[in-house]
Amino acid sequence: QPGVFVGAAVRLDRPAHQPSAPAWRFVAVNGWLAELDGSQWPSLEELRQATARGFASSRPRPAAPPVVKSAVRPGW
């Protein structure tokens with residue numbers, strides 16, 4: 001989501017003997033994504049998608065407006 005800073009992607013060095021090792025670690029700075037803090041990802045794009053999904057599913061939703069019922073009956 002543009003305009004919301006949720007964390008940082010830290011590039012990790014891949015060991016020569018493990019070229020498929022995760023290359024990115026996520027450092028959360030927003031409590032909404034605490035469950036992803038410290039997670040490792042093979043690509044920056046996968047990390048971006050995971051944080052976008054996590055942010056969309058965990059952020060607070062606006063409350064529905066209250067339903068107001070009239071005490072006055074029509075025709076009275």
Side-chain angles (χ1 to χ4, degrees):
Q1 171 116 16
V4 178
F5 184 72
V6 295
V10 179
R11 189 171 192 285
L12 305 172
D13 288 332
R14 291 183 183 184
H17 65 282
Q18 290 181 321
S20 63
W24 298 92
R25 176 176 289 143
F26 180 66
V27 180
V29 296
N30 185 310
W32 293 330
L33 295 176
E35 71 277 0
L36 291 177
D37 188 40
S39 60
Q40 295 185 12
W41 300 86
S43 73
L44 187 57
E45 182 59 21
E46 288 179 69
L47 171 55
R48 188 201 63 76
Q49 290 173 0
T51 56
R53 282 191 308 270
F55 179 73
S57 67
S58 65
R59 67 182 172 161
R61 302 279 191 255
V67 176
V68 179
K69 294 184 179 182
S70 175
V72 178
R73 295 184 184 171
W76 284 36

Please name the pair of heavy atoms, one in Ala9 and one in Leu47, separated by the smallest distance, quoted to 0.1 Å.
CB-CD2, 3.5 Å
The side chain to side chain donor-acceptor pair (under 3.5 Å) partners of Trp24 (sequence neighbours excluded) come to none
Kindly state each residue pair satisfying salt bridge (Lys or Arg N to Asp or Glu O under 4.0 Å) with at least one member in residues 44-57, sequence neighbours excluded.
Glu45-Arg48
For Thr51, side chain to side chain donor-acceptor pair (under 3.5 Å) partners two or more places apart
none
So which pairs with a foot in residues 20-43 pass salt bridge (Lys or Arg N to Asp or Glu O under 4.0 Å), sequence neighbours left out?
none
Quick one: hydrophobic cluster around Val10, which other residues, with the 4.5 Å side-chain cut-off, linked directly or via members?
Val27
Quick one: closest heavy-atom pair of Val6 and Phe55, and the distance?
CG1-CD1, 3.8 Å
Roughly how far, to the nearest 0.5 Å, is CG of Leu36 from CH2 of Trp41?
6.0 Å
